K.L.:
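The structure follows.
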Amino acid sequence: MSHWNEQKITKVTTAKDLTQTLKALGVTATDTLFVHTKLSAFGFIPGGEEGVVVALKQTVPQGNVMMNTQTSDFSDPKEWGYPPADPKTWATIREAMPAYDPQTTPVHMIGKTPEFFRTQPDTVRSDHPLYSFAAWGGDAYALTSDHALDLPFGSTSPLAKFVAKEGKIVFLGTDYETCTLLHLAESLIDRPTITEWAKIKQGGEEEWVAFQNVDLEPYDDFADCGAAFEQAHPQAIRTADVQGTIVKVIDSQPLIDFATAYYRKKDQDNY
């Protein structure tokens, strides 16, 4: 018999707990949420990632839920660092790499919840081959459609549409290190671009295509940016403690305004 986890369950967080917490933090039925999750932070959640998604939908039944479903491991192996690929394997990997398909390409490395969320029949996923987003709700298609290949986190991206809807960031056991919205700030400050590659289906064929993106997270300081934001705008953050795990709801417009100014100044000092 496989003892996959022998640690006794002593902490249980239910979908009802999460829904009640989010409502207590000011989330309303019509809100648009961008959600980051860390399941393990909540102990045992009955249903796991399904329980979380159920809770989110029950919290905003007339609103929208959006998650990051990026697939950076489907990129050019020449650029890989964690882990790197031996140069002698690059050609083999490039040839064998499946082209992106919003219906089937799986989500790796960013948790179970985004992967479960993107597979649901009522979820819509954007077309970007490396930096896609998935959304559920009445505005799901509008949030994810026309996702440009170049500058995937830029002014026409799902992130920008989310902010335009006065969306709220939700951290379920996570923090600013996971805050994808900060890539929008990095993309709005005329930072020099770099070339990335991804495999797509085009005209019935699969091919590698190049696109432009900004250099993301050159300072590795999302946590520092978040701490500075909270000090400057405490009214934009609501926080709850769920059995020792922190849940945060953050207004997106003040965060993106602050982060844009923060990274513009930092780039002026460093680029």
Side-chain angles (χ1 to χ4, degrees), residues 13 15 17-19 21-22 25-27 31-43 45 48-57 59-60 63-72 107-120 123 125-126 128 130-137 140 143-144 152-153 157-163 165-186 216-217 220-227 229-230 236-242 244-256 258-259:
T13 305
D17 293 331
L18 296 176
T19 297
T21 298
L22 291 172
L25 293 178
V27 175
D31 275 337
T32 295
L33 307 179
F34 190 103
V35 184
H36 298 277
T37 64
K38 183 180 180 182
L39 293 179
S40 61
F42 292 93
I45 300 176
E49 56 269 36
E50 182 176 9
V52 171
V53 171
V54 167
L56 293 169
K57 292 179 178 180
T59 305
V60 290
N64 305 282
V65 178
M66 193 163 83
M67 293 189 192
N68 172 15
T69 52
Q70 68 183 26
T71 48
S72 56
V107 178
H108 300 142
M109 303 185 296
I110 58 173
K112 294 179 179 180
T113 307
E115 169 62 7
F116 175 80
F117 180 67
R118 70 102 193 153
T119 65
Q120 300 310 291
T123 296
R125 191 180 188 187
S126 71
H128 199 280
L130 295 189
Y131 300 114
S132 66
F133 295 87
W136 167 89
L143 286 165
T144 57
F153 301 109
S157 70
L159 289 179
K161 295 175 182 179
F162 163 77
V163 174
K165 287 192 65 63
E166 299 182 344
K168 296 175 180 177
I169 298 289
V170 175
F171 292 159
L172 297 177
T174 62
D175 56 27
Y176 289 93
E177 292 285 1
T178 68
C179 189
T180 308
L181 185 66
L182 296 180
H183 291 325
L184 174 59
E186 295 183 295
L216 300 173
E217 299 187 60
D220 192 22
D221 70 337
F222 277 10
D224 293 339
C225 178
F229 166 70
E230 292 200 0
I237 306 101
R238 277 82 62 199
T239 303
D241 186 316
V242 181
T245 298
I246 298 301
V247 173
K248 288 188 179 183
V249 175
I250 304 165
D251 297 332
S252 63
Q253 189 67 65
L255 175 58
I256 201 63
F258 178 89

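Treat the numbers as computed from the prediction; the structure is a model and nothing was measured.
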K.L.:
Tell me the closest heavy-atom pair linking Ala236 and Phe229, and the distance in Å.
P.N.:
CB-CZ, 3.8 Å

K.L.:
For the residue pair Thr144 and Arg125, what are the closest heavy atoms and their distance?
P.N.:
CB-C, 4.3 Å

K.L.:
Got a salt bridge between Asp251 and Arg238, using NZ or NE/NH1/NH2 to carboxylate O under 4.0 Å?
P.N.:
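Salt bridge: yes.
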
K.L.:
What's the shortest heavy-atom distance between Ala259 and Cys225, and which atoms?
P.N.:
CB-SG, 4.1 Å

K.L.:
Side-chain contact, heavy-atom cut-off 4.5 Å: Val52 with Leu56?
P.N.:
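When only atoms from C-beta onward are counted, Leu56 and Val52 do touch, with a gap below 4.5 Å.
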
K.L.:
Quick one: CG on Leu33 to NZ on Lys168, what's the gap to the nearest 0.5 Å?
P.N.:
7.5 Å

K.L.:
Indicate yes or no: at least one non-hydrogen side-chain atom of Tyr176 is less than 4.5 angstrom from one of Ile250.
P.N.:
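When only atoms from C-beta onward are counted, Ile250 and Tyr176 do touch, with a gap below 4.5 Å.
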
K.L.:
Using the side-chain contact (heavy atoms from CB on, under 4.5 Å) rule, take Lys161 and Met66 through it: C-alpha gap first, then chi angles, then the decisive distance, then the call.
P.N.:
CA-CA 11 Å; Lys161 295 175 182 179; Met66 193 163 83; over 6 Å; no

K.L.:
If we ignore hydrogens and angles and just use 3.5 Å, is the side chain of His128 paired with the main-chain N or O of Pro152 as donor and acceptor?
P.N.:
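Flag not set: sc His128 to bb Pro152 has no pair under 3.5 Å.
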
K.L.:
Output all residues satisfying side chain to side chain contact (heavy atoms under 4.5 Å, CB included) with Ala55, sequence neighbours left out; order by chain, then residue number.
P.N.:
Ala15, Leu18, Thr19

K.L.:
Would Asp241 and Ile246 count as a side-chain contact (heavy atoms from CB on, under 4.5 Å) here? Give the steps.
P.N.:
CA-CA 5 Å; Asp241 186 316; Ile246 298 301; 4.2 Å; yes

K.L.:
Are Cys179 and Leu255 close enough, and set up right, to give a side-chain contact (heavy atoms from CB on, under 4.5 Å), and what steps lead you there?
P.N.:
CA-CA 11 Å; Cys179 189; Leu255 175 58; 4.0 Å; yes

K.L.:
Which atom pairs, donor and acceptor, lie under 3.5 Å between side-chain atoms of residues 107-117 and protein residues at least two apart or in another chain?
P.N.:
from, atom 1, to, atom 2, distance (Å)
His108, ND1, Asp73, OD2, 2.6
Thr113, OG1, Thr37, OG1, 3.2
Glu115, OE1, Val107, N, 2.8
Glu115, OE1, Arg118, NE, 3.0
Glu115, OE2, Arg118, NH2, 3.0

K.L.:
Look at the side chain of Ser126 and the backbone N and O of Phe133, then say whether any donor-acceptor pair between them is shorter than 3.5 Å.
P.N.:
yes

K.L.:
Only counting residues at least two apart or in another chain, list the ones meeting side chain to side chain contact (heavy atoms under 4.5 Å, CB included) with Glu177.
P.N.:
Asp175, Asp220, Phe222, Ala223

K.L.:
How would you list, by chain and number, every residue that makes a side chain to side chain donor-acceptor pair (under 3.5 Å) with Thr245, sequence neighbours excluded?
P.N.:
Lys11

K.L.:
Are any non-hydrogen side-chain atoms of Phe42 and Leu172 less than 4.5 angstrom apart?
P.N.:
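Sidechains of Leu172 and Phe42: in contact.
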
K.L.:
Can you tell me how far apart CG (Leu39) and CD1 (Ile45) are? Round to the nearest 0.5 Å.
P.N.:
5.0 Å

K.L.:
If the test is side chain to side chain contact (heavy atoms under 4.5 Å, CB included), which one of Val170, Leu143, Asn68 qualifies with Phe34?
P.N.:
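It is Asn68; the other options fail the test.
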
K.L.:
Taking only residues two or more places apart in sequence, or in another chain, which ones meet Thr13 in a side chain to side chain donor-acceptor pair (under 3.5 Å)?
P.N.:
none

K.L.:
Start with the C-alpha distance between Thr59 and Asp31, add both sets of side-chain angles, then the distance that settles side-chain contact (heavy atoms from CB on, under 4.5 Å), and finish with yes or no.
P.N.:
CA-CA 9 Å; Thr59 305; Asp31 275 337; over 6 Å; no

K.L.:
Other residues, nucleotides and ligands only: do more than 12 of their heavy atoms fall within 6.0 Å of CD on Glu217?
P.N.:
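Result for CD/Glu217: enclosed.
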
K.L.:
Does any N or O in the side chain of Thr21 come within less than 3.5 Å of the main-chain N or O of Asp17, such that one atom is a donor and the other an acceptor?
P.N.:
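Flag set: sc Thr21 to bb Asp17 pair under 3.5 Å.
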
K.L.:
To the nearest 0.5 Å, tell me how far Glu230 CD sits from Thr239 OG1.
P.N.:
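Reported value, rounded in 0.5 Å steps: 6.0 Å.
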
K.L.:
Please verify the inter-ring angle class for His183 with Phe153; under 30° counts as parallel, over 60° as perpendicular, anything in between as tilted.
P.N.:
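Judged by the thresholds at 30° and 60°, the geometry between His183 and Phe153 is tilted.
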
K.L.:
Are the side chain of Thr123 and the backbone of Ala134 linked by a donor-acceptor contact shorter than 3.5 Å?
P.N.:
no

K.L.:
Can you name the side chain to side chain contact (heavy atoms under 4.5 Å, CB included) partners of Ser40, sequence neighbours left out?
P.N.:
Lys38

K.L.:
Would you call Leu184 and Phe162 a side-chain contact if the rule is heavy atoms closer than 4.5 Å?
P.N.:
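No, every pair of side-chain atoms sits at 4.5 Å or beyond.
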
K.L.:
Could you tell me whether the side chain of Lys57 reaches within less than 4.5 Å of the side chain of Trp136, counting heavy atoms only?
P.N.:
yes

